[in-house]
4 protein chains.
Amino acid sequence: MKTAMTGRPRTKPADIRRDELMDAAEVLFLKKGFAATSVSEIVEEADVAKGTFYLYFKTKDDVLAGLQTRFVETFCKAVDTAMAHEHADWSERIAAWVEACVHAYLDNVALHDLVFHQHTPANRAMKSDNAVVTRLAALLTRGAEAGAWNLPEPRLTAVMLFDALHGAVDDSLAFGKTDDREKLVAVVADFYRAALRLS
Amino acid sequence: MKTAMTGRPRTKPADIRRDELMDAAEVLFLKKGFAATSVSEIVEEADVAKGTFYLYFKTKDDVLAGLQTRFVETFCKAVDTAMAHEHADWSERIAAWVEACVHAYLDNVALHDLVFHQHTPANRAMKSDNAVVTRLAALLTRGAEAGAWNLPEPRLTAVMLFDALHGAVDDSLAFGKTDDREKLVAVVADFYRAALRLS
Amino acid sequence: MKTAMTGRPRTKPADIRRDELMDAAEVLFLKKGFAATSVSEIVEEADVAKGTFYLYFKTKDDVLAGLQTRFVETFCKAVDTAMAHEHADWSERIAAWVEACVHAYLDNVALHDLVFHQHTPANRAMKSDNAVVTRLAALLTRGAEAGAWNLPEPRLTAVMLFDALHGAVDDSLAFGKTDDREKLVAVVADFYRAALRLS
Amino acid sequence: MKTAMTGRPRTKPADIRRDELMDAAEVLFLKKGFAATSVSEIVEEADVAKGTFYLYFKTKDDVLAGLQTRFVETFCKAVDTAMAHEHADWSERIAAWVEACVHAYLDNVALHDLVFHQHTPANRAMKSDNAVVTRLAALLTRGAEAGAWNLPEPRLTAVMLFDALHGAVDDSLAFGKTDDREKLVAVVADFYRAALRLS
DNA sequence: AATGAATGAGTTTTCATTCAT
DNA sequence: TATGAATGAAAACTCATTCAT
């Protein structure tokens, strides 16, 4: 009997579906804001049924959390990629890290603000950025082991350095033209080197 | 809290009440966003009954429109005050105008974004800023009459000049330290003078 | 200080004010229905302040009750006027009564339905029509005293006769052209005479 | 009553649900009036949740519009059924049409008045009765093609004939006993035949 | 996995009624 | 007497979430 093509596509790999839903949510959240976007609109944009949304996310808040996680992952991936290149010394390594972070941040300010400010505004640099901090701490530890610098508290230092970068970028957000970016990167990298007593 | 006192109306001048409601709304909208703020919260913050809100505003959207109007009025008042001082010549007059606008804008970015971005984001410098443009156009016309410059289209020139300033400020939002402000004011004022073929 | 002419007219005789309010309410109730008419609209139509309404009526329902009372009064006045004329005999007197009632009813069906049906529909001939019944009972008693007929229960007879007339008119409402009215009057008058064993 | 059972949705075909909601609304509107009936009462009568109502109707007004549409549909269906029978000639066909319309109208006066008078009272025979007019126009055109009569303006004639019937029924509403109906049908049918120069 | 009708708590909005002036 | 700002209970309407299919 079931002749009519009721009910759209069909089964898709879970990852794809989840990503499609997050893409739809991201587009709408960015366009209209989180609260002003309804789950109905998200599923319509993603072209799935209402229930499907709740197959992949526990609540509407949950998709925001997902977006946050994805932001951090993307961020980390960009940094990892940059760090994978050859680097002459630890100073260059630090500079590369700073450059990658600044760009990754500035390229997605709107998304960053969305996923980190939504619930408790005015708290840039939340705990969720931790994955980045963790990576930086690891880098610092490797540098210490290699004798590049001497740090009694690599984790704490990582937190401070990350927040320093975060603050600098926050403070220049709109001036983010390519050339300004380079200046910003240079300033921050210098700051890092000084903090690490490099050179 | 809430010293009993339930019930009995406590009449206040309409202007005061309306302003109190707008103040309450502004505080909450700025803190939690427009959509996430309920009328119930607004009236609680303003310490009036639900119905009182609808005595002064047709809908929840209407209070946002009121906030927009008030923002422009405040903006204009600040500019007017600055222009009321003595000015050596038209060049100084233009500089004073630019300085007043830049400060009025930067001092209230959050509010500006709230009242102008809420419904259709990404459209800074909307038509509602017109009261400011109108003022600038009047200034340009007076200058033309005084022989300070020669402008075939004062209104159109005012629009372009205003949008130029708006864009410059948008582009520097976060760099807004006092000294940066001064540089920004200087740059924009220079731009204005050049556009008006002054000096 | 009070220079501005704020606040409209001024004191008026209570009767006038009350009637103006009832007129306003009647017009609106007839046009939009009772529930769909707000007290705000009534006071606006009557050109007084909100509070003034509650100076003359306890509730919104109360004005409907007032309209009901006024309807009955107007009805009775019309009947009284008709009965004040000279009448050859009791048969003519009865005929005059019937004629006056039928016309008074048919001339104001909409108003009658409004004031009597609003709350419990489908109950034409309510107790409030009693003033009419009372009058009829008095007429019957006077006739009995004059020896025109013999009635052990004038009040009960009045009720039955009144309801009979009411029912007949209800049953012909829309047929109420002038000529039809005359036929209706004739039929009902005949019914009355028979019930009273007249002639 | 109310055997617990709170919660769990019980899916039904959309048509059924919609009809149940309209049935509930019709019952209540007829009993208490449109304005005096709340959506809460409707959903309780229909035994569904509040939201379900808004799944099928945009607003409370919308369900009244739906009732109007349904009234016209039911009306047309009744007329169509009557016209589907064998008819000796066009005169009989016209008589059948008139009879069906008169009955369909008189059988549902209260509903007719509800759906057509609610918003703008005192305008029986609104434009929405058009589906009926359209049908009559089609009938007249077929008759013209069959040579039964000659009509330059079938549509306009249909409008006039329909309004004539509407008016006649309005004018006799309460006299609508079975035998009176027959007389009414006869008079109107005669009128139609005369207007069409039949026989 | 996917669907979408159904739910109901929560929000916006209305309006009869009160009372200090 | 008259006013109209203020009240708050109740009605209209929304939308995140559930679950039988």
Side-chain angles (χ1 to χ4, degrees), chain A residues 6-14 17 35 37-43 48-63, chain B residues 6-14 16-18 35 37-43 47-62, chain C residues 6-14 17 35 37-43 48-63, chain D residues 6-14 16-17 35-43 47-62:
Chain A
T6 330
R8 262 358 111 69
R10 274 296 137 185
T11 301
K12 277 195 188 182
R17 261 290 133 78
T37 301
S38 71
V39 173
S40 290
E41 290 170 316
I42 297 173
V43 299
V48 296
K50 199 76 105 17
T52 305
F53 178 90
Y54 288 90
L55 229 43
Y56 293 96
F57 303 98
K58 254 203 310 294
T59 67
K60 189 182 154 192
D61 284 334
D62 194 33
V63 75
Chain B
T6 325
R8 303 316 93 237
R10 187 125 286 273
T11 302
K12 279 193 189 180
I16 307 292
R17 257 294 130 74
R18 199 182 142 88
T37 302
S38 72
V39 173
S40 292
E41 290 170 316
I42 296 173
V43 298
D47 198 31
V48 294
K50 195 85 76 60
T52 304
F53 178 90
Y54 289 93
L55 214 51
Y56 292 96
F57 303 100
K58 261 202 300 296
T59 65
K60 192 179 140 191
D61 283 334
D62 195 32
Chain C
T6 330
R8 264 356 116 67
R10 274 296 136 187
T11 302
K12 274 195 191 182
R17 262 289 133 78
T37 301
S38 71
V39 173
S40 290
E41 290 170 316
I42 297 174
V43 300
V48 295
K50 199 73 108 15
T52 305
F53 178 90
Y54 288 91
L55 229 42
Y56 293 96
F57 303 99
K58 255 203 308 295
T59 66
K60 189 182 154 193
D61 283 334
D62 194 33
V63 76
Chain D
T6 325
R8 303 312 94 238
R10 187 124 288 274
T11 301
K12 281 193 188 181
I16 306 292
R17 259 293 130 77
T37 302
S38 71
V39 172
S40 291
E41 290 169 317
I42 297 173
V43 299
D47 199 31
V48 295
K50 191 89 74 63
T52 304
F53 178 90
Y54 290 93
L55 215 49
Y56 292 96
F57 303 99
K58 257 200 304 295
T59 64
K60 193 180 138 189
D61 283 334
D62 195 32

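Atom set for the values below is all heavy atoms of this structure, side chains included, hydrogens, waters and symmetry mates excluded. To find a chain, count down the sequence lines: A is the first, B the second, and so on, and within it residues start at 1. Remember, predicted model here, so these are calculated numbers, not experimental data.
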* Asked: So which heavy atom on C:A35 is nearest to which on D:A35, and how close?
  ->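 Reported closest heavy-atom pair: CB-CB, 3.4 Å.
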
- Item | For A:S38, all residues meeting side-chain hydrogen bond (donor to acceptor under 3.5 Å, both in side chains), sequence neighbours excluded |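 Partners of A:S38 by the side-chain hydrogen bond (donor to acceptor under 3.5 Å, both in side chains) criterion, ordered by chain and then number, come out as A:E41.
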
- Query: Looking at residues at least two apart in the chain, or sitting in another chain, which of them share a side-chain hydrogen bond (donor to acceptor under 3.5 Å, both in side chains) with C:K50?
  - Reply: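 Checked C:K50 against side-chain hydrogen bond (donor to acceptor under 3.5 Å, both in side chains); zero matches.
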
Pick out the pairs of N or O atoms, protein on one side and nucleotides 10-13 of chain E on the other, that lie under 3.5 Å.
residue, atom, partner, partner atom, Å
E:dT12, OP1, B:K60, NZ, 3.3
E:dT12, OP2, B:V39, N, 2.9
E:dT13, OP2, B:Y54, OH, 3.0
E:dT13, OP2, B:K60, N, 3.1
E:dT13, O4, B:K50, NZ, 3.2

- request: Please state whether the phosphate of F:dA2, meaning OP1 or OP2, lies under 4.0 angstrom from any side-chain nitrogen or oxygen of C:R17.
  value: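 C:R17 to F:dA2 OP1/OP2: side-chain N or O found under 4.0 Å.
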
Q: Return no unless some side-chain N or O of B:T11 is found under 4.0 Å from OP1 or OP2 of E:dA20.
A: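 No.
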
task: For A:A49 and for B:G51, find the nucleotide of DNA chain E with the closest heavy atom, then tell me which residue's nucleotide is more 5'.
output: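 Looking at the nearest nucleotide for each, A:A49 comes out on the 5' side.
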
Can you check the [X] [atom1] to [N] [atom2] distance for me, whole Å?
X	N	atom1	atom2	result
D:L55	F:dC13	CG	P	15 Å
B:D47	F:dA5	CG	P	19 Å
C:F57	F:dA2	CZ	P	12 Å

Side chains of residues 53-60 of chain B: which donor-acceptor pairs under 3.5 Å do they make with residues two or more places apart or in other chains?
residue, atom, partner, partner atom, Å
B:T59, OG1, B:D61, N, 3.3
B:T59, OG1, B:D62, N, 3.1
B:K60, NZ, B:F34, O, 3.3
B:K60, NZ, B:T37, O, 2.8

**OP:** Pull out every stem in DNA chain F, meaning runs of 3 or more consecutive Watson-Crick or G-U wobble pairs with both distances under 3.5 Å.
**Re:**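 So far as stems of 3 or more pairs are concerned, DNA chain F shows E:2-21 with F:2-21.
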
Query raised in the report: Just checking A:Y56: base, sugar-phosphate only, or nothing, at a heavy-atom cut-off of under 4.0 Å?
Result: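 Sugar-phosphate contact only.
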
About how many Å separate CD1 of A:I42 and OG1 of A:T52, when rounded to the nearest 0.5 Å?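 It is 13.0 Å, given to the nearest 0.5 Å.
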
With sequence neighbours left out, what residues match B:R17 under salt bridge (charged side-chain N to carboxylate O under 4.0 Å, His left out)?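 Here the qualifying residues are B:E20.
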
